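Whatever order the structure lists them in is the order used to number ligands and atoms, beginning at 1. Treat the numbers as computed from the prediction; the structure is a model and nothing was measured. Atoms considered below: every heavy atom in the structure, side chains included; atoms not considered: hydrogens, waters and symmetry mates.
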Amino acid sequence: MVTEDQIDRSLRIGSERVRTADREILPVINPASGETVGEIPVATTVDLDNALAAADTAFRSWRKVSAFERYKILRQAAALLRERAPAIAHFMTLEQGKPVGDSMAEVQGAADIFDWYAEEGRRAYGRIIPSRTAGVRSLVFREPIGPVAAFTPWNFPVTIPARKIAAALAAGCSCIAKPAEETPSPTLAIAQALADAGLPDGVLNIVFGVPDHISTHLIASPIIKKISFTGSTRVGKHLARLAADGVKPATLELGGHAPTIVFADADIEKAAEMTARSKYRNAGQICITPTRFYLHEAIHDRFVAKFRAVAASLKLGDGLDPATQMGPLANSRRIDAMESLVSDAQRAGARIELGGERKGERGYFWQPTVLTDVPNEARIMNEEPFGPVAVTRRFKDFDEVVAEANRLPFGLSAYAFTRDTTTATRIGDELESGMVGINNMMLTTPETPFGGVKESGYGSEGGAEGLDSYLVTKFVTQG
Ligand code: NAD
């Protein structure tokens with residue numbers, strides 16, 4: 001097991017490590033206890049300029065490294081992540097709170113992402129177009145876009161950075177990543193695995209600090225050619241405006257508020273079990289978590305009874321305890337948000353079927369919560385809760401539930417449960433959502449595209465689309 005003093009929570013800029021002794025610091029807090037477990041340095045403007053220069057220089061040579069050489073480095077990094085998974089998972093749980101088994105699975109998932117992009121980077125094919133003139137060649141090339149600025153949140157501290165970093169590097173881009181200050185060590189572990197696998201200095205740089213200072217400075221620099229952000233719609237809109245000033249493309253993975261529709265003919269027990277397990281994973285702090293449960297009036301109470309029983313059986317606790325099934329919320333801001341959203345829903349007329357309160361005063365634990373018959377006026381029906389709260393409403397017919405599901409400006413994920421293939425096809429067609437799960441909730445694999453529509457963002461990560469977003473098209477005609 002790696003111990004705390006072996007974790008190097010430094011800024012990584014080119015070949016330099018900028019340590020806390022030389023900078024202002026931010027504490028890293030264990031959400032299960034509220035105690036400080038480490039600290040990170042705050043990047044200065046000079047640090048950011050150094051990171052930009054390092055990414056710029058490294059890009060010029062990395063783009064010329066053959067796709068096959070890049071593949072070998074990324075595959076080796078994936079192998080190292082797997083080998084180091086227990087230590088990385090331990091520190092992820094310490095900083096973020098999720099059960100350590102989930103952290104282990106997440107590290108394995110990040111390794112799979114590196115493997116997949118390593119392969120996909122070898123297939124960034126161009127094409128040859130038949131020319132109108134004899135002796136003239138019309139060639140289309142796919143080239144890396146340039147140095148990328150990547151901003152990632154705290155809820156999946158290893159897979160979200162992995163998606164951005166693996167795709168950018170496989171495409172031949174260099175990258176400056178700013179992970180969430182709450183959860184620094186998993187992205188640093190990725191950087192270390194890549195360095196040990198032979199990634200040249202400067203291809204991946206890691207900075208922490210004041211988020212708005214970092215994003216404003218990096219996005220304004222002419223060195224940065226693309227941004228990628230995962231986080232709230234509010235911050236995403238702000239970064240999109242900054243990117244627009246430099247006409248820079250952005251991939252934005254923003255908030256969600258997933259409608260989850262259960263038709264009367266569904267396998268009710270199975271749907272309730274499956275959605276309850278999914279809802280409370282990562283204490284509900286997942287952008288694609290099922291949130292608004294639209295339950296046909298004939299099965300509402302039966303579904304809620306089963307869902308409630310599963311939720312009530314979950315063992316809450318410190319994620320480092322292997323028996324824990326749901327950990328704390330990631331920070332005190334989430335506790336404040338839960339208190340405010342649940343009390344508002346109650347005032348609006350919602351019934352609390354389960355939970356609805358904080359658990360204990362130590363750390364940031366919130367009980368698995370089920371609110372039923374929640375009016376649309378309640379804030380929680382309109383704002384992303386990003387916590388362990390499920391809300392239900394009853395519906396009578398197909399058109400009514402489609403209108404309800406599509407009512408919000410979000411369009412990230414949506415789920416439906418039915419045994420009828422016609423209903424399944426129709427609901428898949430009607431939902432305004434970047435991703436739809438029908439009798440299935442698995443939306444995230446390395447090989448499938450992940451992304452939203454409407455105010456949930458634009459662009460996809462994962463799949464061939466994920467690599468494509470780091471490439472530009474060049475047409476060369478040669479006589
Ligand atoms: P937040 O919006 O302030 O921060 C979210 C993430 O964005 C953090 O990692 C933060 O470091 C980063 N960030 C914030 N301002 C930034 C800026 N100006 N430039 C660059 N990065 C910036 O909110 P929060 O309190 O951390 O989380 C609250 C909300 O964020 C949640 O309710 C949820 O809606 C959303 N969120 C979404 C995801 C997701 O996976 N889509 C993940 C985490 C949080």
Within the structure provided, determine whether Phe229 and Leu254 are in side-chain contact (heavy-atom separation under 4.5 Å). yes

Answer with side chain, backbone, both or neither: which part of Thr152 has a heavy atom less than 4.0 angstrom from an atom of ligand 1? backbone

salt_bridge(Arg17, Asp22) N-O dist < 4.0 Å: no

Asp196/Arg84 ion pair, N-O < 4.0 Å: yes

Looking at ligand 1, is there an atom of it that comes within less than 4.0 Å of some heavy atom belonging to Phe156? no

When you measure from atom 23 (O) of ligand 1 to the protein, is at least one non-hydrogen atom found at a distance under 4.0 Å? no

When you measure from atom 18 (N) of ligand 1 to each heavy atom in Ile219, Asp212, Ile214, which option holds the nearest one? Asp212

Proximal candidate to atom 14 (C) of ligand 1 [heavy atom criterion; set Val235, Leu242, Asn331, Asn155]: Val235

Quick test of your reading of the structure: of Arg334, His257, Arg333, whose heavy atom lies closest to atom 28 (C) of ligand 1? Arg334

Return the option from Glu181, His213, Glu182, Arg234 holding the heavy atom at the smallest distance from atom 3 (O) of ligand 1. Arg234

With only distance considered, is Glu384 within less than 3.5 Å of ligand 1 through an N or O on each side? yes

Under 4.0 Å between a Lys/Arg side-chain N and an Asp/Glu carboxylate O for Arg163 and Glu253? no

Can you name the atoms of ligand 1, numbered from 1 with element, that are less than 4.0 Å from a heavy atom of Leu254? 41 (N)

Looking at Asp56 and Lys225, is there a salt bridge between them, counting it only when a charged N and a carboxylate O are closer than 4.0 Å? no

Where does the angle between the aromatic ring planes of Phe307 and Phe303 fall among parallel (under 30°), tilted (30 to 60°) and perpendicular (over 60°)? parallel

For Phe229, atoms of ligand 1 separated by under 4.0 Å from a heavy atom: 7 (O), 21 (N)

I'd like to check which ligand 1 atoms, numbered from 1 as shown, lie under 4.0 Å from a non-hydrogen atom of Thr230. 39 (C), 40 (O), 41 (N)

Answer with yes or no whether Glu383 contacts ligand 1, where contact means a heavy atom under 4.0 Å from a ligand atom. no

Hey, which atoms in ligand 1 end up nearer than 4.0 Å to a heavy atom of Glu253? 41 (N)

Got a salt bridge between Arg9 and Glu181, using NZ or NE/NH1/NH2 to carboxylate O under 4.0 Å? no

Of the side chain and backbone of Leu239, name the one, both, or neither that has a heavy atom under 4.0 Å from an atom of ligand 1. side chain

Which protein non-hydrogen atom lies closest to atom 11 (O) of ligand 1, naming both residue and atom, and how far is it? Lys178 NZ, 3.4 Å

Checking side-chain polar atoms at under 3.5 Å, does Thr445 have a donor or acceptor matched by the opposite partner on Thr448? yes

Side chain, backbone, both or neither: the part of Gln285 lying under 4.0 Å from ligand 1 by heavy atom: neither

Just to confirm my output: which protein heavy-atom neighbour is closest to atom 43 (C) of ligand 1, and how far is it? Pro153 CB, 3.4 Å

Would you call Arg241 and Asp245 a salt bridge, using N to O less than 4.0 angstrom? no

Ionic contact status for Glu404 with Arg292, cut-off 4.0 Å: no

Ignoring hydrogens, just give me the one of Ser232, Ser215, Gly209, Gly387 whose non-hydrogen atom is nearest atom 35 (C) of ligand 1. Ser232

Under a 4.0 Å threshold between the charged nitrogen and the carboxylate oxygen, would Arg393 count as salt-bridged to Asp373? no

Establish, yes or no, whether the cationic atom of Lys226 lies under 6.0 Å from the six-membered ring centre of Tyr470 and within 45° of the ring axis. yes

Which residue and non-hydrogen atom of the protein lie closest to atom 27 (O) of ligand 1, and at what distance in Å? Trp154 CZ2, 3.7 Å

Top protein contact for atom 44 (C) of ligand 1, by heavy-atom distance: Phe386 CE2, 3.6 Å

